[in-house]
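Below is one structure, written out as structure tokens; the observations come after it.
Count residues from 1 along the sequence. In this text the structure is predicted, and so the values were computed from the model without any measurement. Heavy atoms only: backbone and side chains are in, while hydrogens, waters and symmetry mates are out.
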Amino acid sequence: MTIHCGCIFFTTNCAVMKLLAALCVLLLQTGAHGFGLGNGKSLNHQEITERGILNTVVEVCRAVALAEDRYFLYPPKPFNAESVAAACGASKSLKTFSKAISYIQDENVEVDHYRFYSARHHFDNELILEGRKIVTEGLSAVKASNRENNFKAARKNLGKILHSLQDFYSHSNWVELGNKKPNPNLIRSGTRIGNLAAKTRATCRNCFTDICKDNILEDVLRENILTTGYFSFVPFASKPKGKCSHGGFIDFTSGVEPEGGINKDELDSSHGHLHFNASNVAIAATSQLLEDVRGAAGDRKFLQMMGIAKGKPLCFVVDTTGSMGDDIAAVKKVTASIIDKRVGTVDEPSLYILVPFGDPSFGPLTKTTDPKYFKRAINSLKASGGGDFPELSLTGLQLALTSAPPNSEIFVFTDAPAKDTHLRGTVLALIERTQSEVRFMITNILSRSQSDTDHQQQNGRMSRSGAQLYRELAQASGGQYIEVSKSNLLEATTIITESSTSFQATIVQAARSRGKAENVTFTVDESVRNLTIYITGHRVDFTLISPEGVTQNSTDMTGPLIISSQSVGNLHALKLKEEVGLWEIRMVSAQSYTLKVVGETSIDFLFDFMEVSQGPFGGFTVLENRPKAGVNGTLRVMLTGSDSAKLTEVSLVESSGLGRVHGIVTSLSERSFLVQFDKIPSAEFAVLIMGQNGTSSVSFQRQSSTSIRASSLTVTADNTNTVLAPGMPLSIPFSVATEGAGGVFRMRATNDRDFDLTFPSSLVLEDGGSANGTVNITSPSDTPSGTDVTLTIEANAPGGADTNYAVLSFTVLHEVTDFTPPVCELISLSNCTGNCSLSMWELSVQVTDGTNGTGIDRIELRQGDGTMNISVAAGNENMTLVSYNASCCSPAVELVVIDHVGNVGFCFYTVQQMTEWRTAPRPQVQDVF
């Protein structure tokens with residue numbers, strides 16, 4: 001999210017440059033940075049985007065409820081994420097819903113960061129057709145990503161095109177022409193947008209006051225001529241004679257006759273008197289585009305894209321080499337158990353992901369929302385091959401991390417060390433970016449009395465050095481490294497999966513590489529249920545002390561504080577008595593161990609580190625890699641799950657337990673906070689928050705599962721182009737900078753799809769210097785549209801002591817030439833007579849996608865309680881026949897028809913009037929005029 005000291009439409013800040021400069025300097029000095037600076041009354045891109053999303057999600061959830069014959073209660077207005085998730089019956093997905101909204105908002109505002117000077121991305125300079133092309137091409141990418149269940153890629157492109165779409169209503173004269181509804185043809189290529197102003201036609205007169213109301217020429221308004229303002233940030237800029245300007249202090253064309261502007265960015269903009277008119281139409285336009293995405297994806301997939309789902313994804317990475325027969329059998333059993341127990345419940349997995357791996361191959365990736373399909377994929381796994389003990393486990397994990405939604409739980413099943421250890425840095429980078437937890441379920445462990453030399457002699461046992469890599473990755477993610485025998489694998493996996501829910505939050509965790517005596521304290525608030533402690537390690541002793549001072553040690557598992565306990569291998573799970581207040585656990589161990597305390601609670605948090613924007617006005621943007629070590633830093637924190645929760649304290653806690661840095665907390669809104677730190681730790685750390693919920697006398701405590709590493713390196717890459725054309729190389733420039741010593745820096749670029757890559761193997765940097773390079777990536781020409789690929793560019797300082805990375809995502813998209821929705825043609829419609837409960841009516845329709853169309857993908861019912869049958873017309877595979885029959889008490893039906901590139905047609909029929917109307921293709925713009 002970019003916090004500019006200036007703006008293009010609906011940006012986060014006011015357009016009065018002198019005031020903004022003063023505010024930015026003041027905020028930077030005091031450590032209080034604001035989103036939406038200015039008078040706070042204007043609507044910005046983030047608010048417009050959120051309102052459009054919430055409005056659409058509510059309607060989709062209502063449609064799903066009605067289709068399932070469930071009652072739907074609208075949430076109170078104004079909508080917020082909590083109330084909408086509750087109305088959708090998906091309160092447990094509040095964190096993922098909030099994360100999705102935030103991500104789309106961030107990508108929206110990033111357009112000002114990366115495309116500030118691009119007139120077409122903001123519909124400036126009368127580049128209306130060029131702006132529409134950005135929207136429609138991006139919309140095709142969103143639909144293609146959703147078809148492949150690549151929801152994060154869909155959100156990324158969605159945010160970007162929403163920015164441009166929203167800008168149209170502030171930067172054009174659409175509102176001045178009297179329009180109160182959005183222009184439907186901005187999201188449909190090849191249609192008429194309106195009467196576009198000729199390049200030689202004058203559109204404005206001089207404006208002699210700060211607020212212009214009558215500077216658009218009367219003939220332009222009378223003839224419904226559509227225009228947008230010209231904008232330039234370059235002094236002494238010019239514009240075509242007689243044309244309107246954007247306006248404001250940052251627009252140098254506004255001083256060229258005709259002076260003034262027409263933008264409605266804020267209340268004090270040139271046409272600020274129409275700010276709320278433009279904002280409301282932009283909200284409606286956001287919902288209109290989202291409705292189009294919904295139609296192409298279907299209701300349930302659309303909700304998944306928005307992070308609304310019942311339970312967590314189920315993600316398994318499975319070694320399929322010859323020695324894994326027993327393990328695969330256990331995976332099959334636990335999969336069947338999870339599906340049988342959770343399907344149809346609030347904890348039903350939202351997505352199923354399977355990545356098999358071996359040597360020399362991995363995959364194919366299975367990614368589905370269908371539990372039966374996933375079961376078949378799991379049951380088809382067979383143990384075979386292998387040979388040289390180490391396997392491609394990190395390659396499989398890399399694909400899982402990029403395929404699963406952020407904040408997922410990933411299980412890795414193997415009995416072999418990693419062969420592809422060169423991917424260690426890539427996997428760590430992906431863990432940090434996705435904040436997913438990884439649990440390694442390891443069997444066939446080498447005895448601790450044996451050495452790595454013994455392993456070489458025995459062949460077929462996991463060495464201690466091989467285990468250490470898995471342990472490091474698990475601890476970095478907040479997961480566990482679990483050692484069990486093959487016969488106990490099912491039991492261990494069941495312990496973890498059965499206690500995992502979408503409402504689970506981490507209260508505190510610790511990992512110690514060298515065992516020692518240590519006291520760990522944690523606060524439990526009233527919202528926490530099912531308080532559970534996980535300990536991994538051998539020969540770990542502990543003593544629990546409750547808030548009331550009651551004690552229980554590990555030699556007595558039947559005492560007053562532990563309700564139940566389970567132990568298998570090195571995993572120990574303890575369910576505690578739910579007691580509010582400050583707990584303490586005293587750990588004693590001579591070996592390494594991990595401790596994790598979790599509970600079911602609605603109160604949780606999201607966080608992102610921020611960096612100084614490289615845009616023309618500075619400000620801040622989300623940091624996409626590691627923060628800089630040893631210098632000040634900024635963190636954005638968002639609370640979820642309670643309207644009355646307030647953040648009071650944020651700390652960066654070193655994973656070793658040796659250090660802690662406290663931050664200064666500033667409130668940005670009811671749920672968002674900015675935290676300033678004087679110094680980011682050089683050692684690995686986690687984020688720990690404390691807060692107050694309403695009138696509770698006990699603070700709540702939460703900790704990030706993912707550990708974070710800081711770096712003295714900076715890796716930046718150009719990610720302005722997020723679409724990859726099949727068979728065509730794409731060049732991505734990048735740069736590496738160091739705050740420390742120079743030398744030869746080793747470079748590595750990897751991607752999760754094994755696409756062809758070229759990149760420099762090293763770069764030479766001077767002390768405190770920087771260097772540039774280029775990565776070229778090429779996808780095979782037959783790669784399906786919607787395939788996402790994640791590229792990781794990693795820089796390693798001399799000696800390997802410091803690393804940083806850039807993680808970029810792309811969507812493969814074949815050129816789309818079909819922009820015409822399918823159409824319905826009525827064949828027959830029967831009449832209804834008499835008592836409706838005793839009568840039926842029938843409908844026959846033929847559906848086509850045109851001569852050059854891509855063909856019908858699917859047909860769904862949006863409205864209607866009857867029975868629909870679909871068949872291909874005899875002798876004409878391009879024609880689909882639809883028959884529908886229903887009770888006369890249900891006299892209306894709406895069909896949603898989608899072709900193979902996501903064009904959506906809507907066909908509505910009602911038996912009373914025996915008439916037909918279509919909303920696809922959408923009405924042309926002249927119907928609005």
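Judged as a side chain to side chain contact (heavy atoms under 4.5 Å, CB included), and not counting sequence neighbours, the contacts of Ser707 are Ser655, Glu684. Checked against disulfide (SG to SG under 2.5 Å), Cys88 has the following partners two or more places apart in sequence or in another chain: Cys61.
Using a cut-off of 4.0 Å between Lys/Arg side-chain N and Asp/Glu carboxylate O, Asp347 and Lys312 are scored as not salt-bridged. Residues Lys160 and Asp106 are not paired through a salt bridge, judged by the lack of any N-O separation under 4.0 Å between the basic side chain and the carboxylate. A salt bridge does not link Asp167 to Arg120: none of the charged nitrogens lies less than 4.0 Å from a carboxylate oxygen. Using a 4.0 Å cut-off between charged nitrogen and carboxylate oxygen, Glu107 and Lys152 do not count as a salt-bridge pair.
Panel note: side chain Ser287, backbone Gly52; a donor-acceptor pair is recorded below 3.5 Å. Side chain of Gln304 to main chain of Ser350: a donor-acceptor pair is present (N/O by atom type, distance under 3.5 Å, no hydrogens or angles). Between the side chain of Ser642 and the backbone N or O of Ser644 there is at least one donor-acceptor pair closer than 3.5 Å. Judged by distance alone, the side chain of Ser403 and the main-chain N or O of Ala400 form no donor-acceptor pair under 3.5 Å.
Below 30°, between 30° and 60°, or above 60°: for Phe168 and Phe123 the angle between ring planes is above 60°, a perpendicular geometry. Aromatic ring pairs are classed by plane angle as parallel below 30°, tilted from 30° to 60° and perpendicular above 60°; the pair Phe609 and Phe685 is perpendicular.
Residue Lys301 places its NZ atom among more than 12 non-hydrogen atoms of other residues, nucleotides or ligands, all under 6.0 Å distant. Within 6.0 Å of the CG atom in Asn632, the count of heavy atoms belonging to other residues, nucleotides or ligands exceeds 12. Counting non-hydrogen atoms of other residues, nucleotides and ligands closer than 6.0 Å to CZ of Arg671 gives a total above 12.
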Side chain to side chain donor-acceptor pair (under 3.5 Å) assessment of Thr49 paired with Gln105: CA-CA 7 Å; Thr49 299; Gln105 289 173 317; over 6 Å; no
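Checked against Asp604 for a salt bridge (Lys or Arg N to Asp or Glu O under 4.0 Å), the options Arg702, Lys99, Lys95, Lys92 give a single hit: Lys95.
Between the side chains of Thr811 and Asp788, not a single donor N or O lies within less than 3.5 Å of an accepting N or O. Under the 3.5 Å distance criterion, with hydrogens and angles disregarded, no donor-acceptor pair is assigned to the side chains of Ser477 and Glu437.
Taking OH from Tyr352 and SG from Cys315, the interatomic distance works out to 13.0 Å, rounded to the nearest 0.5 Å.
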